[in-house]
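Below you'll find the structure, written out as structure tokens, and then a few comments.
A note on names: the letters A, B, ... follow the listed sequences, proteins ahead of strands, and every chain is numbered from 1.
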Amino acid sequence: MDTKMQKTKPSAEQLLYLEQSFNAIRDEVISDLGERDAKHIHKIIRIQRSCEVSGRLLIMFGFNPIPWALGAVLLGLSKILETMEIGHNVMHGQYDWMNDPNINSKTYDWDTACPGESWKETHNHEHHTYTNILGKDRDYGYDLLRLTHKEKWHPANIFQVIYYGLLSVFFQWGVALHELNFGGILKGEVSLKEKIPFLKQFGRKSARQIFKDYIFFPLIAGPFFLQVLLGNIVANLIRNLWTSTIIFCGHFPEEVETFSIEECENETKGHWYYRQMLGSANFHGSTLLHTLSGNLSFQVEHHLFPDLPAHRYAEISPKVQAIAKELGIPYHTGSFFKQYSGVLKRILVHSLPEPKTA
Amino acid sequence: MNALAQQGWIWFSQALTQHSSFSGYFQPLIQLIAPQWSTDAYRAQVIEIRDELADMFTLVLKPKTGLIDQQWPSFKAGQFIELMVEKEGSRTLRCFSISSSPAHYKKTGLIELSIRIQRQGRITPWIREQMRVGSLVNISVAQGDFILPTPLVEKYLFIAGGSGITPFRSMLQQQLLSEETEQRDIHLLYYSRNNQHIAFQQELEQLQNNCPNITVTFINGEQEGFICEQHVQNYCPDYHQRTSFICGPSPMIQQARKVLSDLKVDNSKINFEFFGAAPIEMKSTGQAIVHFQASEKIVVSEENKTETLLEQAEAQGLTPVSGCRIGVCHQCICKKKSGIVFNTRTQQYSDTGSEEIQLCISVAQGDVVLDL
């Protein structure tokens, strides 16, 4: 359930102080960027490539269920790393300063059905600018789920836990088709015609992905066609379920707030920072968990500083928390299980209309 | 058919690896056994670092050969290469003339880069400090058309200013080492700031003694000043029979070109190579508005202050991929959505429509919209 907006919204002076403090944190990291960050992303890329190559080999030549399963898990792991810590972060421009054409937001395209270009528009631009503004941030519920009482209930919401399950299973396709704005087309707000360039882009990218995982690698396995096909399906499934879970934990745990378009008119950078803090949620865990989530376990820090290398979020988190505490701004965090059960609860609760109060 | 097959191959590679080449995908793994290995550059090892002057040093490089490394194709005397180094995690690229000769490379497998340390520079002082014997660097193929034409017997006038001596050292050394029987007649006018700043002085004096066709005139700028008609007439009276090659700092090149023109030397017989970016020679520099569309930034450039689009983007905190910064490497290519830009290298104005431009040599004219 949505908590009411904080009773005392920070004053203009406090928001200005927030803006200056967060800008200072950002400047400090920017001036310190260097070899350490380059080494980090190079290391993750090497681990990911090793996982992918060995995973594919094991799936193909495993010849018995245990190595096959290990191969599928390795390939799934590779896809998780590639989507989260590499693709998502590189495409945010976190490593553009390295001046490396292979690790650059302009050129990088990730191993998912979603075209990189489309992602940069819908995610980097729309979602990160209008985070949790109802009616503007289509990431909020993905036009599919009702997650706040501020949105009107519809009988179709009764089954939304099932939609959520399906979205998780086919998450890369959901993300890929996000730009289509199917909801908008149904409502007649958007014409299919203006989406033709996107559909072409989507067609090209998804054809490549299907060719790779479901045609080429199974075919070259010859007699082992089915085992490779199945292995690739499992690997993609692992990645889809995991990334969907992480993404949902970022903005939909119980305490996370939403905003109206009016609240955010003529917004200052300070208010933008404030909104990002209220609209995002972290979860804590081990370094491994953070890496596998692309450090989106520091969703708050990510939303404050989307283009700082994500492995830095853990380091700046204490500073962000200290400033939040000073100004009395909530900092949403909790264990992975607390956050995720909050998400599930929210999906269930809002699948039914609120009881009418007199 | 070939182009189609190539396109198909790129599609195949992208489908399987999200990279336009398979080696791009495997590069991080290959680097585990071959550090610095790169799909878009050759590897070379630093063999020696030799100080030439207080502010100039020579890097002796050996391009690697072997199973993993493709053979570095040779070069022509006068050409330059891009040197790529990684400073604090960031790839940086600079162009340097090769100061040794192809004949020397053939014999020893070594090339030399003689680099002037730019006092305020970000990269050249760092290279001098960080490079060690054994360090690995990346280099490109040799490029550039500041080379001597092939009909052999001809007379040349070389005009060098400061570190602009490097391509000439390569050409002179080539003449000395190559076994060609017919020798070119070369006269070198070598300008230096003062008598403390003459790189390769001994070597050039020796060369002059050994080769009757080579004349070297050292000109001390402190005493004799900038290049002028009297210098050319006095030191090289048969200048009008010679084809000229000029290399050095841009003001010196401008001046030398003017002097030769005034002496009625035909333009077709004047060749020159700028060290660094070509100077911006624009007729008018009115106010221009540059819109960096993807990053939602707008810059209004000041009148009479000409900055390249790359400089303007970087001043806004944007980090487009960039390379040589003098229009050679094409790494900073960016889509211009609309507007006119002036290309400082070709001295041409662009069309108004959408096209790919090189940011480092483009200056906005009026309003320009970039996909950046």
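Put simply, the side chain of A/Asp96 never gets that close to the backbone of B/Thr319: no donor and acceptor are under 3.5 Å apart. Not one N or O on the side chain of B/Ser90 forms a donor-acceptor pair closer than 3.5 Å with the backbone of A/Asn99.
Counting only N and O atoms by type, the side chains of B/Gln18 and A/Lys212 include a donor and acceptor under 3.5 Å apart. Side chains of B/Glu296 and A/His125: a donor on one and an acceptor on the other come within 3.5 Å.
Rounding to the nearest 0.5 Å places CD of A/Glu52 at 10.0 Å from CG of B/Leu29. Here the straight-line distance linking atom CZ of B/Arg91 with atom CG of A/Asn102 works out to 8.0 Å at 0.5 Å rounding.
Residue A/Arg46 comes nearest to B/Pro28 through the heavy atom pair CD-O, 3.2 Å, listed as atom of the first residue, atom of the second, then distance.
Interface residue B/Leu32: only side-chain heavy atoms are found under 4.5 Å from chain A.
Geometrically, A/Arg49 engages B/Tyr25 in a cation-pi contact defined by less than 6.0 Å to the ring centre and at most 45° from the axis.
Comparing B/Leu318, B/Thr17, B/Asp371 by how many heavy-atom pairs each has under 4.5 Å with chain A, the most go to B/Asp371. Of the listed residues A/Phe217, A/Phe216, A/Tyr108, A/Tyr95, the one with more heavy-atom pairs under 4.5 angstrom with chain B than any other is A/Phe216.
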Handout entry: CA sep, side-chain torsions, deciding dist, call: B/Gln14, A/Arg208, side-chain contact (heavy atoms from CB on, under 4.5 Å)
Key = CA-CA 8 Å; B/Gln14 273 175 338; A/Arg208 274 171 21 193; 3.9 Å; yes

